[in-house]
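Below: one structure, written as structure tokens.
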Amino acid sequence: MFDADFHRDPYRVYDRLRGQEPVQRVKVSSRGHHTWLITGYAQARAALTDPRLSRDTRRFGHLFGDRRDIAPALRDSMLATDPPDHTRLRRLAAPAFTASAVDRLRPRIQQITDQLLGAIAPKGAADLINEFAVPLPVTVICELLGVPEHDRPQLRRWSNALFTTADAATRDQAAHHINDTMAVLVAHRLHRFETGAAHQGEDGDLLDALITARANGDLLNQQELVSLAVLLLIAGHETTTNLIGNAVLALLLHPAQHTAIADHTVSDSDGLVPAIEEFLRYDSPLGIATVRFTTCPVAFGPVTIPAEQIVMISLGAANRDPAHFTDPSALDLTRTRPRQGHLAFGHGPHYCLGSGLARTEAHIALTGILRHLPHLHLDTRPQQLAWRPSRMMRGLLTLPVRWQPHTR
């Protein structure tokens, strides 16, 4: 199922499957592995909140079939736990992503955006993914966590390998590298804190805040601290990179809407706020949510998934379900949002903690692009664009573009 044609255009596959049955068992590898895939909006929304679908990889890891060497940071991740552990870990990280906390980051996000666009704008051409959409959120989340600059390029490469490498052993190795790097950082910070070399909150970053919470009695062991740091590092930039790239491509493939939103953004960037919700729906940066496992038989309409089965929920497919969205395959930046909105950031207890930060980064980034890269257009044919070979992430490997540089 997840072949090169799927990565180029998963929506044709999703539409076909949803038309047959919005919940069905599908073959996912050439070795005969199967899983359950949910492609309907109503079924996906229900599954995302159903406590009978577990996220506990430690409990259900044997269902993967292959012998996997899962890094502790992923095995113990907040994403791989159920309540009450998930609730406890999420509560500790949540203060860094409140609306007020994100607002405090706005000036720095704007500064990074201006620096990146300032470097590429005079050139008239760039790979907008690797020269802009990657470094912006990577810099933001690494600064938020206090990751040293010299570690950031390699961490990005390992993170990318998690979603673009077909070989499971290579993905596991990349995860271990990330785990080990962040474990060293956490251990160093803990040592400074415990020996009095640093005061509580001295650096003002998220890692300090988590260490302070741990010192104040919150039940957070050192491995959970590392796991939180790894999760926030990966989730804190992967989704935003894809959101920015997919949004820009959507505009370039819809010239009339590109012109309209660009003209409006010159004087008022607030028009981008609803547009970002349509970008998220139209080409969701997370195509398939992290896997769930049935703890008992679970029925979705006429289909019952047996106990101890792997379940994948396609957010991208749900967001193109014609039973919920009018003309879902069309990009419409003036679309009236339905009462129950898109599922690009999930739904329920695992709703993306950093959704507000991702929206803010995308808003600032797209505003900058529309204002400072005039007459932007693709520098290749759409059919030649390279997509990340990932069933989970929906994003471009590169986005070659050209524009008319400003003349003095």
Side-chain angles (χ1 to χ4, degrees), residues 2 28-29 33 35 53-83 85-90 92-93 137-138 141-142 145 147 151-152 154-187 206-207 210 220-242 285-293 310-313 315 346 349-354 388-393 395:
F2 299 111
V28 294
S29 78
H33 294 165
T35 188
L53 295 177
S54 171
R55 299 284 289 269
D56 194 342
T57 305
R58 290 168 294 187
R59 179 181 173 188
F60 292 101
H62 65 280
L63 297 179
F64 286 118
D66 293 333
R67 189 174 182 83
R68 296 291 301 275
D69 179 20
I70 300 176
L74 299 186
R75 183 193 63 218
D76 302 327
S77 164
M78 181 171 68
L79 286 183
T81 59
D82 298 324
D85 281 343
H86 172 264
T87 308
R88 171 176 56 87
L89 294 170
R90 186 180 177 95
L92 291 171
V138 165
I141 196 62
C142 283
L145 287 168
V147 176
D151 285 334
R152 297 174 190 176
Q154 187 61 69
L155 284 169
R156 165 57 192 171
R157 285 190 287 271
W158 288 328
S159 178
N160 187 53
L162 292 177
F163 304 106
T164 59
T165 305
D167 180 59
T170 303
R171 294 198 304 271
D172 289 343
Q173 186 179 46
H176 275 281
H177 284 315
I178 298 172
N179 183 109
D180 295 346
T181 300
M182 297 305 289
V184 169
L185 176 62
V186 168
L206 177 53
L207 201 51
L210 292 172
L220 183 69
N221 63 45
Q222 187 164 340
Q223 182 53 54
E224 288 176 331
L225 187 56
V226 173
S227 293
L228 265 178
V230 169
L231 171 62
L232 295 172
L233 172 73
I234 296 172
H237 76 272
E238 291 286 357
T239 300
T240 307
T241 290
N242 293 344
L286 188 66
I288 295 179
T290 48
V291 297
R292 268 88 169 159
F293 313 95
I310 297 174
V311 178
M312 296 193 300
I313 304 168
L315 308 178
H350 285 274
Y351 183 81
C352 178
L353 192 61
R388 302 178 77 178
S390 169
R391 70 179 66 173
M392 179 180 292
M393 292 292 175

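Numbers here are sequence positions counted from 1. Note that the coordinates shown come from a computational prediction; the quantities given were computed from them, not determined experimentally.
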Take Asn242 and Arg388 through the side chain to side chain contact (heavy atoms under 4.5 Å, CB included) test and state the conclusion after the steps. CA-CA 10 Å; Asn242 293 344; Arg388 302 178 77 178; 3.4 Å; yes
Let me confirm one number: the CE-CG distance from Met182 to Leu145, rounded to the nearest 0.5 Å. 5.5 Å
Would you say the side chains of Ser159 and Glu238 form a donor-acceptor pair under 3.5 Å? yes
Kindly compute the distance separating OG1 (Thr170) from CG (Leu162), expressed to the nearest 0.5 Å. 11.0 Å
Trace of the side chain to side chain contact (heavy atoms under 4.5 Å, CB included) decision for Phe293 with Thr57: CA-CA 8 Å; Phe293 313 95; Thr57 305; 4.3 Å; yes
All heavy atoms of Ala183 vs all of Val226, minimum pair found to be CA-CG2, 3.8 Å
Gap between atom CE of Met393 and atom OG1 of Thr241 - 0.5 Å precision: 9.5 Å
Working to the nearest 0.5 angstrom, can you tell me the gap between Thr35 OG1 and Arg292 CZ? 12.0 Å
Does His350 reach the main-chain N or O of Gly346 with its side chain, forming a donor-acceptor pair under 3.5 Å? no
So do the side chains of Val186 and Leu207 get within less than 4.5 Å of each other, counting heavy atoms only? yes
Would you call Arg55 and Thr290 a side-chain contact if the rule is heavy atoms closer than 4.5 Å? yes
With sequence neighbours excluded, tell me which residues meet side-chain contact (heavy atoms from CB on, under 4.5 Å) with Leu315. Leu48, Leu286, Ala289, Ile313, Leu343
Give, for atom CG of Asn160 and atom CG of Leu155, the distance between the pair rounded to the nearest 0.5 Å. 12.5 Å
For Val147, is there any backbone N or O sitting under 3.5 Å from a side-chain donor or acceptor partner on Arg152? yes
Only distances under 3.5 Å count here; give the side-chain donor-acceptor pairs of residues 70-79 to other protein atoms, sequence neighbours excluded, each with its distance to 0.1 Å.
unit_1 : atom_1 : unit_2 : atom_2 : d
Ser77  : OG     : Leu79  : N      : 3.0

Given side chain to side chain contact (heavy atoms under 4.5 Å, CB included), test Thr81 with Asp56 step by step and report yes or no. CA-CA 5 Å; Thr81 59; Asp56 194 342; 5.8 Å; no
Angle class for the Trp158/His177 ring planes (parallel below 30°, perpendicular above 60°, tilted otherwise)? parallel
His237 side, atom NE2; Cys142 side, atom SG - distance, nearest 0.5 Å: 8.0 Å
Would Ser54 and Arg59 count as having a side-chain donor-acceptor pair, cut-off 3.5 Å? no
Over all atoms of both residues, closest heavy-atom pair of Asp85 and Arg58: OD2-NH2, 4.1 Å
Heavy-atom closest contact (Leu233 atom, Ile141 atom, distance): O-CG2, 3.9 Å
Checking the side chain of Glu224 only, and the main-chain atoms of Asn221 only, is there a donor and an acceptor separated by less than 3.5 Å? yes
N/O donor-acceptor pair under 3.5 Å between Asp69 side chain and Asp172 backbone: no
Going by the rule side-chain hydrogen bond (donor to acceptor under 3.5 Å, both in side chains), which residues pair with Ser227 if we only count those two or more places apart in sequence or in a different chain? Gln223
